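Just so it is clear, the model here is predicted, and its values are computed rather than measured.
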Amino acid sequence: MVTSVVRPPLLPRLLVPRLPFFYGWVVLACLCLAGFARQGPAVAVLSVFVVPMTDAFGWSRTEMAGAVSLGGVLAAVISPVVGPVLDRRGARLVLCLAVLGIGLSTMALSLIQSLLTFYLLFCFARMIWAGPYDLGLYGALNNWFVARRARATAIATLAQMSGLVVLPIIAQLAMREDGWRGGWIAIGATVMLVGFLPVWLLVVRRPEDIGLTPDRLVSANGAGATAPEPRFTRQQAMRTQAFWLLSLYTVLVYPVQAGVSLHQAPHLIERGLSPITAATVISFFSAMSAVASFGVGFLPRRWPIRYPMLLWALLLSAGSFGLIWVGSAEAAYLFAGLFGLGIGGISTLLPVAWADYFGRESYGAIRGVALSLQVLAQAAGPLISGLLRDWNGTYASSLTLFGALAALAAVAALAARRPIP
């Protein structure tokens, strides 16, 4: 396979000869800003608009939540199409269009007068959030980093989590002055200001486009040798056992991630905990997720990645099973913390695994297929949990199912050996 060269922007061409450090760190800083801005249509941001918008229009909570699931389904449709574009043109184009799409659509939400226009705008933003934005962020990152790929991914994931913390606060502060319409304007403006210019001015598709090479993994043959990088096309990857085992792992863990996360607070309240205790448990769960997502980036790269994936799936399983009969705040913190560690680890490890197993050249095309499966699995989790809760009156059945799915994912991880090029 021959790698084409895309002419980089002017500013990187001026900076690279003058910088005393690897230009990949500049790209990573831009991706962190873009990742922060990505969270404009995140569920955590939408949650602060639920009450004022349902009060204003008389919508049900289910009608608003439906836009989240529909946006995920649309992302599953377009991700396989966006992936090859990412490989050819690079993350700069994909991310700039994604930032503009989210920024403009969230600002336009301040003008809506009907549920239909809300669905059109929010589903569009959510589609970009779940598909092109994810591919662009991790596609650029994996092109620039090999030896430090896990560490760079952990830093970028932490930046995205910081957006989940800050953007709801920005929205809430703006809503004090100008209501929920002002809140959407503030969100859209923040997305545009933080996310667009750094990516447009500084991001380069891959190091080879500017005369550099990515940091390399040193092989066991000697200090000066580098391990050969895999170079799979999408068709070649899909003929390997590893592709389908990683896909199976994805399909098993993401219904657990979404299904337990969304219904965790009502389950804890049904188990006798106070609403304030349930809220603090959710905060602790989120903190443990952030700790894990950052911490796994510092695991030794010589370890096969399937072993950490196995461990974090087991933590996810243990947390799900443990939450079934939780009856005290201490137990809730313990098992929610285990669950949070599992989610944080998996969110960092999976993008790294796809790049490690199949290489950089067709990462977008390969990951685009897997991302379709991921967002569909995420959409299914809350629905399964809600249906089982309505059927038998408790969340015990869904938590049992999710614990079993995570345990099966651990088996899939153990079997997912690196494919032979």
Problem set entry | By ring pair (Phe, Tyr, Trp, His ring centres under 6.0 Å) - contacts of Tyr23 (at least two apart) | Trp144
Going by atom type alone, with no hydrogens or angles, which donor-acceptor pairs under 3.5 Å involve a side-chain atom of residues 316-331 and a protein atom two or more places apart or on another chain?
{"unit_1": "Ser317", "atom_1": "OG", "unit_2": "Gly403", "atom_2": "O", "d": "2.8"}
{"unit_1": "Ser320", "atom_1": "OG", "unit_2": "Leu316", "atom_2": "O", "d": "3.0"}
{"unit_1": "Ser328", "atom_1": "OG", "unit_2": "Ala331", "atom_2": "N", "d": "3.2"}

Problem set entry | Side-chain donor/acceptor of Arg205 to backbone N/O of Asp87, under 3.5 Å | yes
Exercise. Would you say Val296 and Pro308 make side-chain contact, with heavy atoms under 4.5 Å?
Worked result: no
For this session: Determine yes or no for a side-chain-to-main-chain donor-acceptor pair under 3.5 angstrom, with Ser362 supplying the side chain and Ala365 the backbone.
Result: no
For this session: For Ser79 and Ala76, indicate whether the former's side chain and the latter's backbone hold a donor-acceptor pair under 3.5 Å.
Result: no
Problem set entry | Test item: Phe124 and Met127 side chains (from C-beta on) under 4.5 Å apart, heavy atoms | yes
Problem set entry | Donor-acceptor contact present, side-chain Thr348 to main-chain Gly345, <3.5 Å | no
For this session: Take the angle between the ring planes of Phe118 and Trp59 and call it parallel below 30°, perpendicular above 60°, tilted in between.
Result: tilted
Problem set entry | Ring centre gap for Tyr138 and Trp354 strictly below 6.0 Å | no
For this session: Any salt bridge (charged side-chain N to carboxylate O under 4.0 Å, His left out) involving residues 255-277? Give me the pairs, sequence neighbours left out, ordered by first then second residue.
Result: Glu270-Arg389
Exercise. Taking side chain as C-beta onward, heavy atoms only, is Arg92 less than 4.5 Å from Val204?
Worked result: no
